[in-house]
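Keep in mind that the numbers below use all heavy atoms, side chains included, and drop hydrogens, waters and symmetry copies.
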Amino acid sequence: MKTIEADFEFENRKYTLSFSDQGDFLKEEVDLKFDGLPDSVQVNINNYLSGKYPRFKIVNSQEVNPNTEGSVYKIEVRHSGDYYEVYFDRNGNFTKYDELIFQPINTQF
């Protein structure tokens, strides 16, 4: 599925809003510092990533749909030149991942 993302800052926090290509709102993401997560959550996430992506690097970490019952953590990692978004529940348990594929797009500008 193609998505359109709008990035902005508000009150010193970075946000990303995602929309379908039809303009329907999909999700809100708020940047956060990985080391700001509870210690037990960091340990669970690091253990999973170390096993799945040896020598990984965390590129970005976000909370998806904060302030909702279904909020999760999204950790963007780089591994062997590829990028992945790896999702974890509030306890740091793996839920899913997406491989990121970057493609240039033609614009009229």
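Using a 4.5 Å cut-off on side-chain heavy atoms (C-beta onward), Tyr15 and Phe10 make contact. Within the 4.5 Å cutoff, no side-chain heavy atoms of Lys14 are placed close to those of Val30. Using a 4.5 Å heavy-atom cutoff, the side chains of Ile45 and Phe94 are not in contact. For the pair Val41 and Pro38, the minimum side-chain heavy-atom distance is below 4.5 Å.
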side-chain hydrogen bond (donor to acceptor under 3.5 Å, both in side chains) between Thr16 and Asp7, intermediate numbers included: CA-CA 4 Å; Thr16 301; Asp7 298 321; 2.7 Å; yes
Audit row: Phe25, Leu17, side chain to side chain contact (heavy atoms under 4.5 Å, CB included) steps and yes/no: CA-CA 8 Å; Phe25 176 75; Leu17 300 180; 4.0 Å; yes
Residues Val77, Tyr97; criterion side chain to side chain contact (heavy atoms under 4.5 Å, CB included); working and verdict: CA-CA 10 Å; Val77 298; Tyr97 81 96; over 6 Å; no
Arg90/Glu69 under salt bridge (Lys or Arg N to Asp or Glu O under 4.0 Å): CA gap, chis, key distance, verdict: CA-CA 10 Å; Arg90 302 288 296 165; Glu69 191 173 304; over 6 Å; no
Audit row: Ile75, Leu49, side chain to side chain contact (heavy atoms under 4.5 Å, CB included) steps and yes/no: CA-CA 10 Å; Ile75 310 299; Leu49 293 175; 4.2 Å; yes
Check against salt bridge (Lys or Arg N to Asp or Glu O under 4.0 Å), Lys74 and Glu76: CA-CA 6 Å; Lys74 179 177 85 171; Glu76 185 178 328; 5.7 Å; no
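Looking at Asn65, its side chain does come within 3.5 Å of a backbone N or O of Glu28 through a donor-acceptor pair. For the pair Thr95 (side chain) and Tyr87 (backbone), a donor-acceptor distance under 3.5 Å is present.
No close placement of the Phe88 and Tyr73 rings is indicated, their centers lying 6.0 Å or farther apart. Checked against the 6.0 Å centroid criterion, the rings of Tyr53 and Tyr84 qualify as a close aromatic pair.
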For residues 54-61, which side-chain N or O atoms pair as donor and acceptor with protein atoms under 3.5 Å away, sequence neighbours left out?
| residue | atom | partner | partner atom | Å |
| --- | --- | --- | --- | --- |
| Ser61 | OG | Leu32 | O | 2.6 |
| Ser61 | OG | Phe34 | N | 3.3 |

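Taking CD of Gln42 as the reference point, atom CG of Asn47 lies at 11.5 Å (rounded to 0.5 Å). Atom CD of residue Glu85 and atom CD of residue Gln62 lie 7.5 Å apart, to the nearest 0.5 angstrom.
Asp24 CG: more than 12 foreign heavy atoms inside a 6.0 Å radius.
When all heavy atoms are compared, the tightest approach of Asn91 to Asn44 is O-ND2, 2.8 Å.
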